[in-house]
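Structure first, then comments.
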Amino acid sequence: MVMKLATWNVNSLKVRLPQVIDWLVEHQPDVLCLQEIKLINENFPINEIKAAGYESVFSGQKTYNGVAMLSKRQGSNIVTAIPGLADEQKRVIAATYGDLRVICAYVPNGENVESEKYEYKLRWLPAFTQWLKQELIDYKRLAVLGDFNIAPEDRDVYDAELWKGKVLCSGPERSAFGNMLNLGLTDSFRLFEQPEKSYTWWDYRMMAFRRNQGLRIDHILLSEELCSACMTCTIDKTMRKLDRPSDHAPVLVELACSLDI
DNA sequence: ATGTCAACGAACCGTTGA
């Protein structure tokens with residue numbers, strides 16, 4: 001059995017819903033994590049997604065942020081906040097599917113390293129990491145998917161010199177990312193040979209996508225047990241080529257297991 | 001650094017955030 005998990009920052013689910021439905025139908029993931037849905041819960045398109053054969057769990061807010069998970073089977077033990085962190089912003093959702101635990105995260109962007117939003121990001125990340133530590137204790141099969149807004153290494157940046165020390169690439173952010181890996185999580189993308197210059201986000205401006213001026217900031221982290229079952233991790237650039245694309249591409253893993261073990 | 005995009009509120013634009 002093959003299990004598929006995916007993540008996609010859709011930059012407005014209202015605008016991207018047709019693309020999301022198409023992607024679900026084509027790829028049939030077991031779980032698709034979405035970020036930046038930018039919807040209040042009352043406006044979540046449950047029925048349209050149900051018509052495509054998927055259940056939804058979501059945590060939205062007006063205008064900004066918001067996360068969701070779409071899945072073939074119903075999720076349980078849903079959590080929509082980081083324990084111990086006072087945070088108005090809807091950035092995480094976790095659910096259990098069979099014996100699989102999935103966390104969907106939209107890490108703060110940070111704006112720039114001088115910004116208060118950067119300070120918030122650097123407060124948010126340790127709280128998130130502490131939560132992951134506990135989740136790893138509670139669940140052997142844990143997958144953490146999302147927009148981390150961190151490019152882990154220079155090879156994840158189209159121009160590392162230009163971006164050196166800048167937000168998404170700064171030392172403190174990379175260190176915070178390393179702290180997650182040190183818990184026993186693995187960046188699934190780097191389990192495999194990958195094309196050079198592989199990215200998941202390209203600025204809308206400056207024809208950045210056409211020039212492949214991107215960063216790899218969307219990730220799928222796997223616990224040891226899932227890691228050993230992971231067969232592929234790929235970035236689906238096709239969605240970024242469509243009309244009215246999100247600025248992020250979906251990332252997808254295939255695991256040699258099923259939800260029903 | 002920015003040539004774009006999306007949402008919002010209150011005017012068909014400017015602001016915010018990414």
Side-chain angles (χ1 to χ4, degrees), chain A residues 7-23 33-45 48-49 58-68 87-93 104-125 128 145-152 154 156-170 172-174 176-177 199-219 235-251:
Chain A
T7 181
W8 191 9
N9 179 323
V10 290
N11 184 20
S12 167
L13 183 56
K14 183 181 174 189
V15 173
R16 234 63 68 191
L17 183 60
Q19 293 182 21
V20 169
I21 301 283
D22 288 349
W23 201 88
C33 297
L34 303 176
Q35 302 86 37
E36 285 203 89
I37 63 172
K38 298 185 175 178
L39 294 171
I40 57 173
N41 289 342
E42 290 72 17
N43 292 342
F44 194 91
E48 290 89 333
I49 287 165
F58 44 85
S59 177
Q61 68 179 84
K62 194 174 170 185
T63 311
Y64 301 122
N65 309 313
V67 288
D87 191 3
E88 301 287 298
Q89 302 183 19
K90 304 302 187 190
R91 295 184 171 279
V92 296
I93 189 162
C104 169
Y106 176 48
V107 174
N109 172 282
E111 190 178 30
N112 63 66
V113 296
E114 285 87 35
S115 170
E116 284 179 20
K117 297 193 193 95
Y118 181 76
E119 290 177 32
Y120 163 64
K121 183 178 194 175
L122 293 186
R123 286 195 309 275
W124 194 94
L125 283 163
F128 181 61
L145 302 88
D147 176 0
F148 286 72
N149 270 313
I150 300 172
D154 281 353
D156 300 313
V157 183
Y158 73 94
D159 185 341
E161 273 308 303
L162 179 67
W163 281 78
K164 189 179 170 67
K166 297 233 167 74
V167 76
L168 313 184
C169 302
S170 73
E173 292 164 272
R174 286 181 171 175
F177 188 79
Y199 310 122
T200 65
W201 169 81
W202 302 260
D203 200 302
Y204 282 121
R205 296 166 291 188
M206 307 293 287
M207 295 184 284
F209 182 70
R210 199 178 60 71
R211 296 165 159 168
N212 197 28
Q213 296 183 336
L215 276 71
R216 191 175 71 90
I217 57 176
D218 300 87
H219 307 299
I235 300 165
D236 181 9
K237 286 175 75 170
T238 61
M239 302 312 284
R240 189 63 175 78
K241 297 171 183 167
L242 301 176
D243 283 341
R244 296 198 85 185
S246 167
D247 44 353
H248 295 251
V251 184

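So you know, we letter chains A, B, ... as the sequences are listed, proteins then strands, and number each from 1.
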Inset, instruction - Kindly point out which of dA7(B), dA6(B), dA18(B) is positioned nearest to the side chain of Arg91(A)? - result: dA18(B)
Inset, instruction - Let me know, please, whether His248(A) or Leu13(A) comes out on the 5' side of the other along DNA chain B by nearest nucleotide. - result: Leu13(A)
Legend entry - All side-chain hydrogen bond (donor to acceptor under 3.5 Å, both in side chains) counterparts of Ser170(A), not counting sequence neighbours: Tyr118(A), Glu173(A)
Legend entry - With Tyr120(A) via side-chain hydrogen bond (donor to acceptor under 3.5 Å, both in side chains) - residues at least two apart: Asp87(A), Gln89(A), Arg91(A)
Legend entry - Lys38(A) side-chain proximity, nearest of dA7(B), dA1(B), dA18(B): dA7(B)
Inset, instruction - Look at the side-chain N and O atoms of Ser12(A) and state whether any lies under 4.0 Å from the OP1 or OP2 oxygen of dA7(B). - result: yes
Inset, instruction - Report the residue (Tyr204(A) or Asp147(A)) whose heavy-atom-nearest nucleotide on DNA chain B is the more 5′ of the two. - result: Tyr204(A)
Legend entry - Side chain of Lys62(A) - closest among dG9(B), dA7(B), dA18(B): dG9(B)
Inset, instruction - Indicate, with a heavy-atom threshold strictly under 4.0 Å, whether Tyr106(A) touches base, sugar-phosphate, or nothing. - result: sugar-phosphate
Inset, instruction - Could you identify which residues of residues 107-118 of chain A place a heavy atom less than 4.0 Å from some atom of DNA chain B, listed by residue number, or say none? - result: Asn109(A), Lys117(A)
Legend entry - Selected nucleotide, minimal atom distance to Arg16(A) side chain, candidates dA6(B), dT16(B), dA1(B): dA6(B)
Legend entry - Residues in side-chain hydrogen bond (donor to acceptor under 3.5 Å, both in side chains) contact with Thr63(A), at least two apart in sequence or another chain: none
Inset, instruction - Check every atom of dC8(B), dA6(B), dA18(B) against the side chain of Val15(A) and return the nucleotide holding the closest atom. - result: dA6(B)
Inset, instruction - Consider the side chain of Glu36(A), meaning its heavy atoms from C-beta on, and name the nucleotide among dA18(B), dA7(B), dA1(B) that approaches it most closely. - result: dA18(B)
Legend entry - All ring-ring contact (aromatic ring centres under 6.0 Å, His included) counterparts of Tyr64(A), not counting sequence neighbours: none
Inset, instruction - Output all residues satisfying ring-ring contact (aromatic ring centres under 6.0 Å, His included) with Phe148(A), sequence neighbours left out; order by chain, then residue number. - result: Phe177(A), His219(A)
